[in-house]
Structure formats: structure tokens, C-alpha cells
Amino acid sequence: MKIEDVYIWDINAKWLGISPFQLMENAGAGVARIIEEKFGKGLKVAIFCGTGNNGGDGFVIARHLSFENDVTVFLVGDEIKIKSEEAKHNWEILKKLDFVKIKTLKDSTQIKGLDLAKFNVIVDALLGAGTKGELREPIKSAVEKINEYSGKARIVSVDLPTGYPSSVKVNCDFAVTFQWDKEEYGGFERIIAKIGYPKELYHLIGPGDVKFALRKKGEHKGQNGKLLVIGGSEDYFGAPYLAAKAASYIVDLVYLAMPEYSARRINDPDLILRPFNGENFIEVHVKRALELSKNVDAVVIGPGIGQKEETKKFVRGFVKQCEKPLVIDADGLKAIAEDLNILEGKTFVLTPHAGEFKILFGEKPEGDLIEKVRIVMEKAKQIEGTILLKGVYDIISDGTTWKYNKTGNRGMTTGGTGDVLSGIIGGLLALGNNPLRASAVGAFLTGFAGDIVKEEMGENYTALEVAKKVPFAIKWALEF
Ligand SMILES: NC(=O)C1=CN([C@@H]2O[C@H](COP(=O)(O)OP(=O)(O)OC[C@H]3O[C@@H](n4cnc5c(N)ncnc54)[C@H](O)[C@@H]3O)[C@@H](O)[C@H]2O)[C@H](O)CC1
Ligand SMILES: [K+]
């Protein structure tokens, strides 16, 4: 688990109804409990607090310890800089208390002369996960002051030693970090305090994942990814159009490659058409399709492409030589099912429903969520790629971890929502997301767009309405 997961988890925890206030209360209570367990009660405690949420945790620790200990809070920085609601709330409470002493240290001159000899415990609640760059004053002087007492007083850091991982950091006896150990942390002893996260946060996709997947959206045209959608046949032109339309809300440029017979049915200024002669894709088209794939960041292949033998050979020929991240969907899955080895060494997402999963792997995922997860993980590991199994709960796995999505509704069975999904996943791959995140967030956004449509229209809607709600689903998640 990385530090970036903290922010995804916080947002998804809020989405589940777990408030930042609860998290901060649990964080502070956890540190206070560990301090009393380790050092007993009747302590003289100095708590150094920054103006972020690390400091907010310190305010909570002060309140909890003040019940049976002598507590002094040193706020390092101006209280007007305390930003978050939860930190402000806990600061306001502290200011009403009479047994907790508060000293505000606005600049380093106030810190240099401090004498902390009377304290037997010093808490470092200055900076935590929000630290950016080298320590600035007056935090830097506070760290140096605390370190003067290393070996004399017991020093406990909140979440991580302030200044970590730079050389100027608090020499703490240990840090209390929250919920799980972060793989980036090293070189200091850690004790973990749970703060009330449910296990679902490891696996359930939420708005935090969407924010993270779209964080790279830059300002300049063309920087935001280019996608190629290859699909359509003499029978279908809607499917590739839906995939391309949905993707056009995520990336700047979407090329739509279709047989000219069906391409002539499309006139959408958002898409750049690349017609191929004839009525269906056939093997001779592989060369030119590969040419097109060279100047995009990801490719979606399969929507509406049909199941003619010639077309299947085209799909296998293209997949075998394509060097870009791939989403293989719909009839494309049936084409590669005959020779999964062509996926070797590729970066790809397969997006089967249960029936296509059976065609690919010879068995239909049955049982409860965990049983289905096991089967999907096993197959994803076997083909060394990412599989998104569509269903009431979408299940995504890259063979080592797994995610699941609960957005969407019964109306999603309408034809074409799978095409919208493959387009969004392709767009997210084109933005540089890895296949697991791209497919997990694609599943969330497609289902959420369907939920928005259902709010307005009930459960009888077409996939085009879902595609058009994708930007609203993104807007909701980014503003959450
Ligand atoms: N889910 C959880 O794990 C929870 C963690 N909690 C605590 O929240 C902090 C992260 O809080 P955040 O406000 O994002 O950042 P910080 O408080 O760590 O720092 C921001 C603060 O510090 C200033 N600052 C940043 N870099 C520097 C620098 N190099 N020098 C000086 N000052 C700096 C910045 O201006 C801000 O004022 C996490 O560590 C946990 O302790 C939640 O309380 C509970 C849930
Ligand atoms: K800290």
C-alpha cells in the first residue's frame, strides 16, 4: 500500500459515510492509547502541532491525554493557517479547555530558547503525509528543538517522523502510523493504530479512484491521450461509435477505424474517422491498422467487429503485433479465445461478460463474490493481464490484487453499455493509467453514468444516453 492510497481511501471512506472527523478522532485516540500503554499515566507531555491534519491529530491526542496527564500544546505556525474543518473543530475545542496549556510559536526565535526538560514525553504532530519538499521554518526549528531531547524524553511521532525522508527529521522512539504500514516508510520503528477503515476500502472502487485516474489531465491539446477504436462490420456500426463517443469525454483525440461500409453511417465531429475499404475487417487490413496504432497511446479492438473467420484472423494478427496497451472486448474476445498465446508480453484488459469468460477460459465464474474473485484472479494470473468480469458486481483483477464495482443498475443490460465501458477503459489507459486502475475506474464511471440516466429516465434507456452522462459522472467524482 502506498501513501497515494491514503488519499484514495480517505475519499472513498467519506463516500461510504466515514467522516474525516471520525478518522481524526480515531487517529488521535489511537496515539493517546499507545502512549499510555507504553509510558503509563501522570505524564508531562509536550505536543508539537502543525497547522495541517497531522497537527489536527495532535489536538485530539492532547484532549485524550489531558484526562490523566499534564499536557502542553505548542502550535507551530499561526492558527489562522489551520485549514481543514476537522482540524479547526479540534483546535476550537482545545481553546475552551483550561487544563491543557497552549503556546503558539509563530517563528523560530520563539522556539530557539524553549526549555523542554520538564517533559518526559514529546509528541511530534508537526507534519505527516502532506509534507512537500525540505522543511521550512518555523517547523524546521521545532524539529531541531525536539531532537535536543532525543534520548532524554520519549519522542513519539504521529503518522511519520516530521521531515522524513530527508536527513533533517525527528529522531522519534517510534511513529504511530494509521491502519496499515506504508511500503515507502523505512528507518523508523512503527506501531499501527486502526482508525476505522473497513476492509472494503482495499477493494471497492469509489470516487477516490476516479480522482487519481484523472489526475494527469494536463492543459495542452494532445497531451491528454490519443485513442484508436477498431470495430464495426457489415452488421454493426453502433458499438464502435459508442466506445469512441464515450472515450471522447476522457481523451483529446479519438480515432475510429471502421469498414467504410459502416463508417459512412457515422458523422460526429468529436471523432476522427479512419475508414477501411470493404464491409468487414480482414487480414490485409492488419498493416494499416498497426500504422494507425503507432500514433496513439492505447487501442480498443472488438466492438461490433463481427465473427467472420477473416475478421478473427485480422484481430489476432493485429493483437499479436500491436505494441500499445489494448482493451479487447466483445467479438474481439471470441477471436483471441482461439489463441490466448498472442497476448504474451502485452499490456491489456479483457472485458468479458460471464458467457465470454466461459468461451475464453472454459468455465463460467459461479458462486459468491469471493468465489468469483478467485476464478478471475486465477485466470488473470495465468494470462498475465487484467480481466474485468462484467456483472451485477464487476470484478477486476490483474492476477495479484482485485477490485470490485457496485455502481450501475438493471437498465445497464441494454445493448451497448459494454461498448461504452471499453471506450472509457481505453481512454483511461491512454491517459497513462495501469490496466487494473483503468478498468476499475472504467467500471465505476460506466455504472455511475447509468445511475445518473436512471435517475432521469427510469431503467429503460439506451447506451448512448449512458455515454452522454460520462462527463457528469466524472464531474461528480472530481468534486466529491
Ligand atoms: N487516512 C489517514 O491516514 C488519516 C490521516 N490523518 C492525518 O492527516 C495527515 C495528513 O494531513 P495533511 O493536512 O494532508 O498534511 P500534513 O498535516 O502532513 O502537512 C500539511 C501542512 O504542513 C505544511 N507543510 C507541508 N510541507 C511542508 C514543509 N516542507 N515545511 C513546512 N511546512 C510544510 C503545509 O503547508 C500544511 O500546513 C496524516 O499525516 C495524518 O497524521 C487524519 O487526521 C486522519 C486520517
Ligand atoms: K509527524
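Ligands are counted one by one from 1 in listed order, and the atoms in each one are counted from 1 as well.
Y202 and W9 have their aromatic ring centers within a separation under 6.0 angstrom.
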Show, in sequence, the C-alpha distance, side-chain angles and deciding distance for E456 and K469, and conclude whether the salt bridge (Lys or Arg N to Asp or Glu O under 4.0 Å) test is met.
CA-CA 11 Å; E456 292 178 8; K469 288 301 181 194; 3.2 Å; yes

Verdict with supporting geometry, F174 and F188, ring-ring contact (aromatic ring centres under 6.0 Å, His included):
CA-CA 6 Å; F174 58 84; F188 57 91; over 10 Å; no

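Here the options are I111, L135, V76, the test is side-chain contact (heavy atoms from CB on, under 4.5 Å), and the partner is K140; only L135 passes.
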Which pairs of nitrogen or oxygen atoms, taken one from ligand 1 and one from the protein, are under 3.5 angstrom apart?
{"residue": "ligand 1", "atom": "1 (N)", "partner": "D10", "partner atom": "OD1", "Å": "2.7"}
{"residue": "ligand 1", "atom": "1 (N)", "partner": "D10", "partner atom": "OD2", "Å": "3.4"}
{"residue": "ligand 1", "atom": "1 (N)", "partner": "Y197", "partner atom": "OH", "Å": "2.5"}
{"residue": "ligand 1", "atom": "13 (O)", "partner": "N53", "partner atom": "N", "Å": "3.0"}
{"residue": "ligand 1", "atom": "14 (O)", "partner": "Y7", "partner atom": "OH", "Å": "3.0"}
{"residue": "ligand 1", "atom": "15 (O)", "partner": "G130", "partner atom": "N", "Å": "3.3"}
{"residue": "ligand 1", "atom": "17 (O)", "partner": "N53", "partner atom": "N", "Å": "3.1"}
{"residue": "ligand 1", "atom": "17 (O)", "partner": "N54", "partner atom": "N", "Å": "3.0"}
{"residue": "ligand 1", "atom": "18 (O)", "partner": "G128", "partner atom": "N", "Å": "2.5"}
{"residue": "ligand 1", "atom": "18 (O)", "partner": "G128", "partner atom": "O", "Å": "3.4"}
{"residue": "ligand 1", "atom": "18 (O)", "partner": "A129", "partner atom": "N", "Å": "3.4"}
{"residue": "ligand 1", "atom": "18 (O)", "partner": "G130", "partner atom": "N", "Å": "2.9"}
{"residue": "ligand 1", "atom": "26 (N)", "partner": "K132", "partner atom": "N", "Å": "2.9"}
{"residue": "ligand 1", "atom": "29 (N)", "partner": "K132", "partner atom": "O", "Å": "2.8"}
{"residue": "ligand 1", "atom": "29 (N)", "partner": "G133", "partner atom": "O", "Å": "3.2"}
{"residue": "ligand 1", "atom": "29 (N)", "partner": "E134", "partner atom": "O", "Å": "3.0"}
{"residue": "ligand 1", "atom": "30 (N)", "partner": "R136", "partner atom": "N", "Å": "3.0"}
{"residue": "ligand 1", "atom": "37 (O)", "partner": "T51", "partner atom": "OG1", "Å": "3.2"}
{"residue": "ligand 1", "atom": "39 (O)", "partner": "N54", "partner atom": "ND2", "Å": "3.4"}
{"residue": "ligand 1", "atom": "39 (O)", "partner": "A129", "partner atom": "N", "Å": "2.8"}
{"residue": "ligand 1", "atom": "39 (O)", "partner": "D159", "partner atom": "OD2", "Å": "2.5"}
{"residue": "ligand 1", "atom": "41 (O)", "partner": "N54", "partner atom": "ND2", "Å": "2.8"}
{"residue": "ligand 1", "atom": "41 (O)", "partner": "D57", "partner atom": "OD2", "Å": "2.7"}
{"residue": "ligand 1", "atom": "43 (O)", "partner": "D57", "partner atom": "OD1", "Å": "2.4"}
{"residue": "ligand 1", "atom": "43 (O)", "partner": "D57", "partner atom": "OD2", "Å": "3.4"}

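Contact annotation: D159 places no N, O or S atom under 3.4 Å from the K ion (ligand 2). With 3.4 Å as the limit, L127 counts as an N, O or S neighbour of the K ion (ligand 2).
Between the O atom of V158 and the O atom of L160, the angle centred on the K ion (ligand 2) amounts to 70° when rounded to 10°. With the K ion (ligand 2) as the vertex, OD1 (N54) and OG1 (T162) define an angle of 100°, rounded to 10°.
In this structure, K14 is positioned above the aromatic face of F480, its NZ or CZ under 6.0 Å from the six-membered ring centre and within 45° of the axis.
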For residues 91-100, tabulate all N or O donor-acceptor pairs below 3.5 Å that involve a side-chain atom, not counting sequence neighbours.
{"residue": "W91", "atom": "NE1", "partner": "E79", "partner atom": "OE1", "Å": "3.0"}
{"residue": "K95", "atom": "NZ", "partner": "E79", "partner atom": "OE1", "Å": "2.6"}

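Scanning for ring-ring contact (aromatic ring centres under 6.0 Å, His included) contacts around F444 gives W15, F448, with sequence neighbours left out. Qualifying salt bridge (Lys or Arg N to Asp or Glu O under 4.0 Å) partners for K199, counting only residues two or more places apart in sequence or in other chains: none.
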